[in-house]
Structures are given as structure tokens and as C-alpha cells.
Amino acid sequence: MRRSPITPSHDRLSGRRALLRAAGLALALPKLVTAAPATAPGQVPAAPASAAAAPADTCHPATDWAAFAARHIQPDGRVIDFNTPQQQSTSEGQSYGMFFALVHNDRATFARVLAWTEVNLAGGSLAKQLPAWQWGRKPEGGWGVLDPNAASDADLWIAYALMEAGRLWNDANYRALGRSLLALAARDEVIAVPGLGRMLLPWPKSVAGGPLWRLNPSYMPLQLLRYFQQADPTGPWSEVTENTLRMIGAVTPKGFAPDWCAWSQDSRGFVADPQKGAAGSYDAIRVYLWAGMLSDKDPARKMLLLSLRGPGQLLADHQPVPEYVDTTSGAVRGMAPLGFSGAMLPYLKALGATDALAAQVARVPGGRGAPPVAPLPYYEQCLLLFGQAWLDGRYEFGRNGQLQTSWRTLCRSNRPA
């Protein structure tokens, strides 16, 4: 029986919360690892950080990427989350692996991650089939797809990574494959929502339905939508972009983004998500991350940062980044895991919040007050990689979403071949 992604099986928020708690939340960035952590079956041990890194003014060290790749990317290209019972791989993880490989000019890793994704998640061809979102150990034994439904955020990131790999590496095959995948996403995951217009759903429209249409703000990075507007000018992306901005403005009354929200076709407005309510936490943290990395030439940047003012105001008042926030009241609780601080770095830089930025830099591994301990779980490492690599200047996004890299200033990788 086909399982609907509207069930918690497709909702990654609950799983991330439980897994990060299980991991203790006292873990730290992989770039501080000095000894390989305990390994799970088939796991590649983490590479030690270089004892003699090149001076910061001559190159950008990328030991965080090297350690992430050594720990989480298997020789066959599978990006694995060892903190899950299923030892799962997700289309999200594969998409992030491809993006980080492109940022760090790692063509071999990019090709391996892509190949595994196509064979195991997309029936052999991303040009013909959206990738399944979850793969891992099956309850009845063996390994394979656990949920065949797609996750639209991963699909957009994979399409973007392929198209930009085609441009930056001058590879027509990558470019064509990315365009084909983008066309599938537009066909299967974008719908004309009654009363709203065309919008990106979190999953295929074949399993979605009203009158409450569930949406995830973190699935729609504005820089990717700008890029697709240019790459596919006759597609739905301009309308999706406008509706995304409309959504963020409507669901952030106190300046905080929710993990999930919904569009009510009956009341013609955005409402709290029918399953998750108005909470903001492990998914929503990416909304601030994407906004912080948006080009300063984007006409919506000022409005977007104003809509997302909540975390900046908290930190200006010397309050910690919370694990949870009620987006309707602004009430917060819990201490955020370290990965949240990594996600805050571009956001605080964009706000010009110098003191708050320094405080978060000090909190993340490698900062003044951060103790050298074991690697973080997969998701936190991803948040930190996005934030730290951007802050280092290893990459940025142009006005129209194009990826701007700094390959010539990267230090030579210390990751084993």
C-alpha cells in the first residue's frame, strides 16, 4: 500500500527532534575531530583535521566538508544518517551532498552521490522520475526505498546543483539532467491552489489535497526560486516566488517562521498547520539561513529580513537561540542545538548584528568558547556547513541565484581519496 507523505512518515521534523535529543545535543563540528568516532557497520571513519592548516589569508580551509564527506558519504555515493534506526538516506541528504561537493569543486564526490541517487531513489533516471525521499533498512529485512514519495525541497536542490554544475564545470549532461528534473518538479509538485495561485507543495500533488493545503516555508529558498525564474521563464517559478513571499509575510506575526503552515481555500488565507500547529523549530531554522544568504541585491531581501526579525531581536536582548518558538505569541522554550547557531551566521551577518554574530561564532565548534568534542549529527552538520562555508566566503548566491564559488582560494583537501 502506498503510504501518503502527509503522515508523519514523511514529516522529517519529529524525527530530527528525537534524533538530536538522542545524540545529546552536546556534540560539535566535525572539523574539530582529532580521532575517528565509533563507526556503524559500513561507516567510513571521519578524517582527522589537519594539524597544520594553511593561513587564513592564503586559503579557505574546508576541513568541515572533508570530515562530513568522510563520515557520511559512503564510497558508493550514499549519504547516510547514522543517528536513525533505519540508517537512512534521504533525497535531502543526497541533494546537500551534491551541493557541498560543487561548492568545494569535488567532482568525483558529486558524480558518486548523483549516481547513487539516480539508481536507488529515482529508478535509474532523474530525468524520468522524482527521487523517493527515504531509503534505508526495511522492517522486514533488507535495504531499499522506505517511502516512494518525493520531497520537493530536495528535488529543487538537486536540480539546482545539477544545473550549476553544468555551468561551472561546463558539463552539458549535468545541465540537461537538471532541467529535466526541474520540469518534473514543476509538473508534479506545483499546483494552482484555490484562492492562492501556483505554489510549491512539499510533496507530489497526487497525494496532496484541500481544503487545507499543507506547506513548508523552509522548502522554498528564495535564491533557488530566483534562479529557476531565469532558467525557466515560462514555468511557474515567478508566481511561486511571489506566493512564497506572501506566505512568509503572513505566517510570521512575531517575526518567527513556523516549521509548517497551511493555506485555507475556504477562508482564503494562511493558517496554522493542521498537524504541527504554529511551532517553529528544526525545519524553520533553515528559513533564516536561506534569508541570510540571499543576495543583498535582491529586491525582497529587506522585507524578508524584517518579516524574520524575531531571532535577531532575541539575540540583541542577549537571549539564547531557542529550540522552539510559538510563532503566534513569540513564546520560546529550550536551548537550541549547536547546529542552529551555524544557521544563524548568515542571518546575523545580513542584519549587521555584529555582537550577536560574534556570540554565535563563539558558540559553534571552533569558536572561542566551544569545547572540542565529537561530531554533530548529520542535520546539524549540514546547517553548520551551509552557514560556516558562506561566512568564510567559500560560496555565495548572486542576484539571480547563481552560485558564486571561491575554488581558487580553497585549501587543498586533507580527505583521503
Side-chain angles (χ1 to χ4, degrees), residues 60 62 65 92 94-107 109-111 113-114 126 152-186 190 200 218-242 244-245 286-305 345-347 349-350 382 385-410:
H60 292 303
W65 159 243
E92 173 201 276
Q94 299 301 121
S95 74
Y96 290 169
M98 290 171 63
F99 176 77
F100 293 136
L102 179 58
V103 164
H104 295 94
N105 199 21
D106 189 341
R107 296 190 69 164
T109 297
F110 186 96
V113 175
L114 170 61
L126 284 168
S152 62
D153 62 329
D155 302 337
L156 295 192
W157 277 105
I158 294 173
Y160 177 84
L162 282 166
M163 294 166 73
E164 283 297 82
R167 179 179 67 86
L168 293 167
W169 287 330
N170 193 27
D171 189 314
N173 291 328
Y174 283 160
R175 187 180 301 112
L177 184 57
R179 286 185 173 277
S180 296
L181 179 58
L182 183 64
L184 290 180
V190 175
L200 181 74
S218 74
Y219 279 26
M220 308 173 207
L222 196 61
Q223 44 271 77
L224 268 60
L225 298 180
R226 297 291 195 203
Y227 181 84
F228 298 143
Q229 285 180 254
Q230 299 294 315
D232 181 21
T234 62
W237 306 109
S238 292
E239 190 171 351
V240 170
T241 300
E242 292 305 312
T244 296
L245 290 169
R286 294 180 297 188
V287 178
Y288 313 109
L289 174 62
W290 310 148
M293 295 191 295
L294 192 62
S295 169
D296 59 8
K297 296 180 178 62
D298 192 291
R301 180 174 181 263
K302 184 176 181 180
M303 181 278 289
L304 190 61
L305 291 172
L345 301 181
Y347 167 80
K349 177 73 172 179
C382 289
L385 263 172
F386 270 116
Q388 189 64 62
W390 183 90
L391 193 66
D392 286 349
R394 282 178 257 168
Y395 74 97
E396 63 181 36
F397 296 98
R399 164 64 182 85
N400 294 319
Q402 281 194 333
L403 182 64
Q404 299 176 358
T405 61
S406 297
W407 291 344
R408 293 179 181 178
T409 62
L410 288 174

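Just so it is clear, the structure is predicted and the values come from calculations on it, not from any experiment. Note that the numbering runs from 1 along the sequence shown for the chain.
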Side-chain contact test, heavy atoms from C-beta onward, threshold under 4.5 Å: evaluate it for [X] versus [Y] and give yes or no.
X      : Y      : answer
Trp290 : Leu222 : no
Leu156 : Leu200 : yes
Pro221 : Arg226 : no
Arg286 : Asp153 : yes
Asp171 : Phe110 : no
Leu410 : Thr405 : no

Nearest 0.5 Å, please: how far is [atom2] in [Y] from [atom1] in [X]?
X      : Y      : atom1 : atom2 : value
Phe397 : Leu403 : CZ    : CG    : 6.0 Å
Arg399 : Leu294 : CZ    : CG    : 8.5 Å
Leu224 : Tyr160 : CG    : OH    : 6.0 Å
Trp407 : Asp106 : CH2   : CG    : 10.5 Å
His60  : His104 : NE2   : NE2   : 10.0 Å
Phe100 : Arg394 : CZ    : CZ    : 9.5 Å

message = Show, in sequence, the C-alpha distance, side-chain angles and deciding distance for Gln402 and Arg167, and conclude whether the side-chain contact (heavy atoms from CB on, under 4.5 Å) test is met.
response = CA-CA 10 Å; Gln402 281 194 333; Arg167 179 179 67 86; 3.5 Å; yes
Sequence neighbours excluded and cut-off under 3.5 Å, please list the side-chain donor-acceptor pairs for residues 174-183, or say none.
{"residue": "Arg175", "atom": "NH2", "partner": "Gly166", "partner atom": "O", "Å": "2.7"}
{"residue": "Arg179", "atom": "NH1", "partner": "Ala231", "partner atom": "O", "Å": "2.9"}
{"residue": "Ser180", "atom": "OG", "partner": "Ala176", "partner atom": "O", "Å": "3.1"}

message = If the test is side chain to side chain contact (heavy atoms under 4.5 Å, CB included), which one of Thr244, Leu245, Asp298 qualifies with Leu304?
response = Leu245
task = Applying side-chain contact (heavy atoms from CB on, under 4.5 Å), run through Asp155 and Leu184 and close with a yes or a no.
result = CA-CA 9 Å; Asp155 302 337; Leu184 290 180; over 6 Å; no
key: Phe99: ring pair (Phe, Tyr, Trp, His ring centres under 6.0 Å) partners, not counting sequence neighbours   = Trp157, Phe386, Tyr395
Please report the closest heavy-atom contact between [X] and [Y], naming both atoms and the distance.
X      : Y      : result
Val113 : Met98  : CG1-CG, 3.6 Å
Ala154 : Ser95  : O-CB, 3.7 Å
Tyr96  : Cys382 : CD1-SG, 3.7 Å
Ala350 : Gly292 : CB-O, 3.8 Å
Ser152 : Tyr219 : OG-CD2, 3.4 Å

task = Quick one: sort the Phe228 and Trp237 rings into parallel, tilted or perpendicular, breaks at 30° and 60°.
result = tilted
query = Passes side-chain contact (heavy atoms from CB on, under 4.5 Å), Lys349 versus Leu345? Steps please.
reply = CA-CA 6 Å; Lys349 177 73 172 179; Leu345 301 181; over 6 Å; no
task = Would you sort out whether Asn105 and Leu168 count as a side-chain contact (heavy atoms from CB on, under 4.5 Å), showing the intermediate values?
result = CA-CA 9 Å; Asn105 199 21; Leu168 293 167; over 6 Å; no
ask   = Is Asn170 atom CG crowded by more than 12 heavy atoms from other residues, nucleotides or ligands, each under 6.0 Å away?
value = no
ask   = Who are the salt bridge (Lys or Arg N to Asp or Glu O under 4.0 Å) partners of Asp232, not counting sequence neighbours?
value = none
